[in-house]
Amino acid sequence: MSLIGLSGTLLFIAFIAYLVATLFFGGAIKGTKQDASKSNKKWGKIAITITIIGFIANLGYFITRWIYAGHAPVSNMFEFTTAFGMFVVGAFILIYFIYRLPSLGLFALPIAILIIAYASMFPREVTPLIPALKSYWLYIHVITAAIGESILAISAVAGIIYLLKNIDTSKRTKSSIWLEVVMYAAVLVIGFVIVTSTFRIMGYEADFTYVDKNGAQQEITYNTPALFGMHQYELKSSGKMEPLAEMPAIVNAKKLTTVVWSVLVGTILYGLIRLILRKSISRFIQPLANRANLQLLDEIGYRSVLIGFPVFTLGALIFAMIWAQEAWSRFWGWDPKEVWALITWLFYAAFLHLRLSKGWQGEKSAWLAVIGFVIIMFNLVAVNLIIAGLHSYAG
Amino acid sequence: MKSITCECGHVNPEGTHLCEKCGRPLTDEDKKQKIVDMKYEGRAIRSKTYNKSIIDKIWNFFSSVKVGVSIIVITLIAAAIGTFLPQVIYVNVTEGEDIKQAYVDNYGTFGKIYYNLGLTDIYSSWWFQTLIGMLAISIIVASLDRGIPLYKSLKNQRVRRHESFMKRQRIFGEREMTSAEADKTLDLTEKKMKELKYNVRREDGVLLAEKGRFARSGPYVNHLGLIIFLFGVMLRLMPGFYVDEDLWIREGETASIPGMEGYYLHSNKFTFETYKKDEQKEEFNQSKAAVNSVAKNYQTDVVLYKAKDNAVAGDTTDLKQVLHHAIKVNEPLKYDGFALYQMDFRLNELKAMNFNLVNKKTGKSLGEVNINLADPKKVYNLDKQTKVELKGYYPTFSGFEDGEPQSESPVPNNPAFIFKMYTPETPKGETSFVAIKQTLEPLGETKYKMQFANIETRNVSGLTIRKDKTLPILALGGIIFMIGVVMGSYWSHRRLWLQKTVDGRLMMAAHTNKNWFSMKKDLDTVTEFAHLPNWVDQQDDDDLKKKQEKEKEGDNTL
Ligand code: HEM
């Protein structure tokens, strides 16, 4: 098998391992008693073992791809997002060995699975490096920042479990609705994965020409039926769907089309789930959180921010500045990606101060952790795809 | 200054909550509390004590964490708004084009409003800078306000604390014991806690085991780092600390380096390379992205020269070669505190044009004229009687105005010339206007013409010259910040107090500034080993009540 083929297989093994481990973590929280029973402990042990095996396979993917490509595999959307998913699992393993809370795995692994699934929707080719990306500092920066973000993400996982346990989902309150919005957002990601992979399997391709912002003629290929057309588009492939509406030149109608497809399919999927469950998703999965200890969850949330914050500072700000100084002649340039790293950092600084001196613990702290994760994902998804800057990898 | 005298006789300054010496709660409110507030060890905090003079008020404003967090959040939101549309520095406008118009053209009404609100250059706006300044002041004031009392009290800790202090700790336990039993427990505790890397201090019947005290200074160290960093950023505004210049240099040219006095740069060659097909991974070649070739390298090969010390400025006759370097993206040339970066380029700029002086009828050439477009000569002599005079040169010819040819810029994008041609046949000279794809003979038809032969081109490198003397200060600030944030985040300050009472009990109390579950693991270990009293977390049974209380009160601690 070629190295790149091996790499792909390892990633697949990791993916399956995470799925299986999630089921075992489910087994580890069965029962009603607060104290973990013997069988619970056994399930927990198996679950973390499988997780670690998956993580090793995942690392194997990372290393083999690195060797094959000749550069660290964090240089396009697929590579970076996959690495992020891997680090989330790594961060979970780290926190698990401090606190040994199985329900953390039950929620952290599905999030990592979603992230990796999302990543696989992007082109997986090994891209040659443009000159700006040829720097060791860049890789040190990207990898450290991603590790920091993934540790911070664990605080959001603890936060979600905390909220599920603490919020009365049978009542319609502001918090229960927002919690359901979080669940809905996760379903939208599944919607994106379904749409993209369906049309990919069908091999859908529609070529267009359009006129860009500067008045130049460009070509673009849609991989989903075009709902929106680019500025002054012209369909070149025969027998493909004509766009429903044309967008002005500053809007990337292809990306917009993908977003709208994902929201459509995700919403239908969400509706179906609601129909089958006959209750909200948060109410349905609430029992999974019931046995966790609130104070422990609160501490895990805080602790993971404490562990992640310095790593994030080092990676996303300090190493980033060193690289920017080497590559762009200035350590800071108010590029959107830089600004969003700063925003994330300021947000977690505010989180720490609010907790320390305003006593924002428990539910408030849990919400802040979830919002922090939203900011990180925004930085990863939206800033890369919508607000293009120096860092924007091809989307 | 008012002061509070504790029952133990110690005189505490106004605003103290827990006696500095024995730990007794001092105010009525503190006495009522089931768990004491251990923030800053109950020391008097300036901002919580005085609120009379205007200075007090300013001090209290900046030391408030509520204010500090508000500043952070406002900065964060402002920073986010600045990313809605590209900032002016990232908008390309050709010369003469209005930047505002560019926003209107690209983003419509929203762009116009965004521009008019000044959001297109938000990060250099006075109010954004003011926010950062206030952040700095807030950090300094808050750190002094709390850091000094905290430092004092941790340094002067007594081992023996009053019973009322012990009982009001979050973790507390007591049991009746004989004196001998208690002594044995103290011994065992000392042994175990030392194994767990605690510092143990003992006095008559009391014990204090402590670990990770330095973690408490973490926030103050990291704030110091931030302040040093912000100070470094401000220093750049001082002249001499910061140089930022651009240099366009052509192949073969030697230019003085702006901002870098006495230094000259010679460009040997500019190279732009793209990946060849066999350099790319196969699966990339099969993809659509591969249709456009991917940039591989931008590189300027340069030689750096230094003028002799006593040389007149601009005199390039006597230069000393310093070094050769290939400037690439990510590999700047660094010398003497300066760095030269590869930032931009122009390929194939016209360098020279060659013409033949041709007899129109016979088509015979009298010779070739080579015009260096950067530095054209006035007269080109072909032989004794044959010469071409350059009467006019228009590097970027843009048309005629009042019969006069015009040039838009000094860069030879579209050169045009007025030649006067002297030959043995036409000794008085003939005038001809020559531009690309256009020849005019304004003073009557000519016998000879300047026939275009070929062009020579060269590449131009866009370099940026930087000097930033503040970098060491920024690096220092960053390092101090990292040390502080790691100290405060990866360690916690844990303490265990034991006390033998006269009426035959052993009391234990414990405190940590964070991560109570991890602290309890230590306690579990030592409790089992040393037969300590069974302890409870007084916050656990109290949790619900406290939660309701807090919501009512709206938490006004800071
Ligand atoms: C972006 C700027 C800031 C950063 C990155 C920062 C960072 C930190 C960190 C990491 C901690 C420790 C938190 C913990 O251990 O949970 C801390 C504590 C603290 N910060 Fe800041 N800080 C910033 C701005 C401020 C400001 C503006 C104030 C002013 C009010 C402030 C006041 C404090 C105080 C009073 C503490 C608690 C110290 C203690 O526990 O003794 N900080 N800061």
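Quantities reported herein were computed from a predicted structural model and do not represent experimental measurements. Chain A is the first sequence line, chain B the second, and so forth, proteins listed ahead of strands; every chain is numbered from 1.
Note: B:Phe128 and B:Tyr123 meet the aromatic proximity criterion, with ring centroids under 6.0 Å apart. Checked against a 6.0 Å centroid threshold, the rings of A:Trp345 and A:Phe312 do not count as neighbours.
When heavy atoms are compared at a cutoff of 4.5 Å, B:Ala339 does not approach chain A at all. Looking at A:Ile318, the atoms closer than 4.5 Å to chain B (heavy atoms on both sides) all sit in the side chain, from C-beta outward. Residue A:Trp332: no heavy atom, backbone or side chain, is found under 4.5 Å from chain B. The part of B:Tyr275 that comes within reach of chain A is its side chain, from C-beta onward, which places non-hydrogen atoms under 4.5 angstrom from that chain. Only the side chain of B:Asp468 comes within less than 4.5 Å of a heavy atom in chain A; its backbone stays farther off. Contact of B:Tyr490 with chain A is made through the side chain alone, with heavy-atom distances under 4.5 Å. Interface residue B:Lys521: only side-chain heavy atoms are found under 4.5 Å from chain A. Of the two parts of A:Val311, the backbone and the side chain both hold a non-hydrogen atom closer than 4.5 Å to a non-hydrogen atom of chain B. Of the atoms belonging to B:Phe272, not a single heavy atom falls under 4.5 Å from chain A. Neither the backbone nor the side chain of B:Leu340 comes within less than 4.5 Å of any heavy atom of chain A. The contact between A:Phe347 and chain B is made by backbone and side chain atoms together, counting heavy-atom distances below 4.5 Å. Within the 4.5 angstrom heavy-atom criterion, atoms from both the backbone and the side chain of B:Val485 approach chain A. Using a 4.5 Å cut-off between heavy atoms, B:Ile465 makes no contact with chain A at all. Contact annotation for B:Ser70: neither backbone nor side-chain heavy atoms come within less than 4.5 Å of a heavy atom of chain A.
A donor-acceptor pair shorter than 3.5 Å cannot be found between the side chains of A:Glu205 and A:Thr221. Side chain to side chain, B:Tyr341 and A:Glu326 fail the donor-acceptor criterion of an N or O pair below 3.5 Å. Using modelled atom types and a 3.5 Å distance limit, the side chains of A:Glu79 and A:Ser75 yield a donor-acceptor pair. Side-chain contact of B:Thr512 with B:Arg170: a donor-acceptor pair under 3.5 Å is absent, judged by distance alone.
No side-chain heavy atom of B:Val233 sits less than 4.5 Å from a side-chain heavy atom of B:Thr470. Side-chain contact between A:Gln295 and B:Phe517: present, with at least one pair of heavy atoms (C-beta onward) separated by less than 4.5 Å.
Taking B:Gln299, B:Lys334, B:Lys328 one by one and counting their heavy-atom pairs under 4.5 Å with chain A, the maximum is reached by B:Lys334. Of the listed residues (A:Leu342, A:Ile307, A:Ile130, A:Thr313), the one with the most heavy-atom contacts under 4.5 Å to chain B is A:Ile307. If you tally non-hydrogen atom pairs under 4.5 Å between each of A:Leu296, A:Asp298, A:Leu314, A:Ile300 and chain B, the highest count goes to A:Leu296. When each of A:Ala350, A:Pro248, A:Gly333, A:Ser329 is checked for heavy-atom pairs under 4.5 Å with chain B, A:Ser329 comes out on top. Of the listed residues (A:Met321, A:Glu219, A:Arg303, A:His353), the one with the most heavy-atom contacts under 4.5 Å to chain B is A:Arg303.
Salt bridge annotation for B:Lys467-B:Glu245: absent, with no cationic side-chain nitrogen under 4.0 angstrom from a carboxylate oxygen.
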Verdict with supporting geometry, B:Asn515 and B:Ser492, side chain to side chain donor-acceptor pair (under 3.5 Å)
CA-CA 7 Å; B:Asn515 305 333; B:Ser492 54; 4.5 Å; no

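Taking the six-membered ring where tryptophan is involved, the planes of A:Tyr139 and A:His71 are essentially parallel, since the angle between them stays under 30° and well short of 60°.
Surrounding CZ of B:Phe110 are more than 12 heavy atoms belonging to other residues, nucleotides or ligands, all under 6.0 Å away.
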